[in-house]
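Everything below concerns the one structure shown next.
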Amino acid sequence: MRETRPALAETLSRIGSLIGDGRSRDDVLDVERLSNESGVPRDVVRMLLDGEEPPAEDITDRIVRRIVHLRETRLRPDGTRHSYDEIAASYGASRASLSNLVNSRRKTPSPQMPSRQALSRQGLSEQVPSQQTGERRPARSGGPLASTQAGIETFFFGQPNGWLSAEPQTSLDNALQSVLHGLEGEAADPMARLRGTHGLRELAARAPQLAEEELQLVTDWIDTILRRRNAQRVRGSGSDSSHTEGH
């Protein structure tokens with residue numbers, strides 16, 4: 001498994017190299033969507049994208065916050081939230097145990113590291129820091145965390161996947177993979193690159209079929225023309241604005 005911080009930095013570096021001219025990172029990275037998919041708060045997503053270290057967060061608070069996030073963002077087909085009853089029942093727990101856990105952590109400030117006894121009462125357990133990476137791992141199967149975390153993850157994702165407890169860097173890196181794969185697809189498909197950069201929907205050619213090298217030359221030529229046109233529009237817009245202000 002890749003270490004969380006180098007993995008995120010590697011993904012962001014790869015995305016940066018694939019964006020190319022004419023687009024910025026903000027054009028392809030939607031903070032709102034990344035926050036929704038990762039469970040990482042928007043301000044923390046921005047910090048991580050800028051290479052900053054996120055603030056420390058109690059592991060139990062993180063799990064509870066993400067439980068709340070899942071209920072608010074992964075809705076029923078009719079647009080309503082899943083009830084505590086159905087979530088808890090899916091892994092053999094009671095509504096009271098889950099709702100009490102969520103409400104107690106949302107209302108009461110928790111110490112930086114809650115005691116083992118307190119976590120056990122809430123159906124959670126300490127996570128064990130990895131000696132190799134320093135990250136916190138979900139408790140092993142059979143621990144108090146298993147029935148709560150694995151049960152909720154299975155309810156929303158179909159299987160336990162560590163989503164509730166993952167470090168922010170890992171969560172964001174996972175959410176960025178779809179962006180990275182999309183950019184890699186654009187790089188491999190010249191027409192996909194034109195669609196992504198310029199919104200070009202179709203390329204009509206007189207020849208029945210272009211060879212790969214010929215298609216690459218054509219799309220590069222179109223890309224150059226469209227970039228020049230866009231640059232001229234930007235300059236013209238700035239000139240018109242200055243002329244208007246002068247009058």
Side-chain angles (χ1 to χ4, degrees), residues 1-54 57 62-63 65-77 79 81-82 87 130 133 135-138 149-150 152-203 212 215-216 219 223 226:
M1 187 179 75
R2 298 187 301 173
E3 295 186 10
T4 58
R5 288 163 181 78
L8 178 59
E10 178 183 325
T11 298
L12 288 173
S13 176
R14 180 65 177 150
I15 288 174
S17 68
L18 290 170
I19 290 175
D21 298 331
R23 285 190 293 180
S24 68
R25 195 177 67 176
D26 291 340
D27 293 328
V28 298
L29 299 184
D30 184 336
V31 171
E32 184 73 27
R33 185 186 67 79
L34 291 172
S35 176
N36 181 57
E37 290 187 6
S38 67
V40 178
R42 289 187 296 272
D43 57 340
V44 177
V45 169
R46 293 188 184 95
M47 292 177 65
L48 292 171
L49 292 178
D50 290 338
E52 300 177 19
E53 192 73 14
E57 182 180 29
R62 180 190 303 156
I63 292 173
R65 179 177 55 73
R66 290 184 181 178
I67 292 173
V68 174
H69 177 82
L70 285 174
R71 287 192 70 228
E72 293 176 346
T73 59
R74 273 66 168 180
L75 304 176
R76 295 188 182 113
R81 291 182 297 180
H82 293 280
I87 298 172
S130 165
T133 67
E135 65 176 318
R136 295 184 183 277
R137 303 180 305 222
Q149 179 176 344
I152 293 173
E153 290 171 352
T154 299
F155 180 86
F156 284 102
F157 301 110
Q159 62 182 4
N161 58 6
W163 191 91
L164 288 172
S165 60
E167 294 284 342
Q169 293 90 341
T170 300
S171 298
L172 181 57
D173 183 60
N174 290 336
L176 285 168
Q177 294 310 303
S178 61
V179 178
L180 177 59
H181 294 158
L183 291 172
E184 288 174 337
E186 290 182 13
D189 179 359
M191 279 304 301
R193 176 165 54 87
L194 288 179
R195 287 191 294 268
T197 303
H198 303 292
L200 189 66
R201 291 180 296 178
E202 186 178 1
L203 177 63
E212 182 177 347
L215 179 60
Q216 183 66 59
T219 54
D223 184 49
L226 292 176

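Computed from a predicted structure; not experimentally measured. Residue indices begin at 1 and follow the sequence shown.
Atom CZ in Arg14 sits 14.0 Å away from atom CG in Leu176 (nearest 0.5 Å). Going from atom CZ of Arg62 over to atom CD of Glu57 covers 5.5 Å, rounded to the nearest 0.5 Å. To the nearest 0.5 Å, atoms CG (Asn36) and CD (Glu72) are separated by 10.5 Å. One finds the CZ atom of Arg66 at 7.0 Å from the OG atom of Ser38 (value rounded to the nearest 0.5 Å). In this structure, the separation between CD1 on Ile63 and CD on Gln149 is 5.0 Å, given to the nearest 0.5 Å. How far CD of Glu184 is from CG of Leu18: 6.0 Å, rounded to the nearest 0.5 Å.
By the 6.0 Å contact criterion, CZ on Arg42 is open, its count of non-hydrogen atoms from other residues, nucleotides or ligands being 12 or less.
The main-chain N or O of Ala150 is found under 3.5 Å from a side-chain atom of Thr154 such that the two form a donor-acceptor pair. The backbone N or O of Arg65 sits nowhere less than 3.5 Å from a side-chain atom of His69 that would complete a donor-acceptor pair. With hydrogens and angles disregarded, a donor-acceptor distance shorter than 3.5 Å links the side chain of Thr11 to the backbone of Ala7.
Inter-residue side-chain proximity for Val40 and Leu34 is flagged as unmet; no heavy-atom pair is nearer than 4.5 Å. At least one side-chain heavy atom of Leu70 sits under 4.5 Å from a side-chain heavy atom of Leu164.
Qualifying side chain to side chain contact (heavy atoms under 4.5 Å, CB included) partners for Asn161, counting only residues two or more places apart in sequence or in other chains: Glu153, Phe157, Trp163. Under the salt bridge (Lys or Arg N to Asp or Glu O under 4.0 Å) criterion, Arg74 pairs with no residue at all, not counting sequence neighbours.
Between Glu53 and Met47 the shortest heavy-atom distance is O-CE, 3.1 Å.
Tested against Pro168, the residues Leu48, Asp173, Leu8 include a single side chain to side chain contact (heavy atoms under 4.5 Å, CB included) partner, Leu48.
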Can you list the steps and then say if Ile19 with Asp27 is a side-chain contact (heavy atoms from CB on, under 4.5 Å)?
CA-CA 9 Å; Ile19 290 175; Asp27 293 328; over 6 Å; no
Between His82 and Arg76, does a side-chain contact (heavy atoms from CB on, under 4.5 Å) hold up when you go through it step by step?
CA-CA 6 Å; His82 293 280; Arg76 295 188 182 113; 3.6 Å; yes
With side-chain contact (heavy atoms from CB on, under 4.5 Å) as the criterion, how do Val44 and Glu52 come out once you've worked through the C-alpha distance, each side chain's angles and the decisive distance to 0.1 Å?
CA-CA 9 Å; Val44 177; Glu52 300 177 19; over 6 Å; no
Carefully, step by step, assess Ser178 and Arg33 under the rule side-chain contact (heavy atoms from CB on, under 4.5 Å).
CA-CA 11 Å; Ser178 61; Arg33 185 186 67 79; 3.8 Å; yes
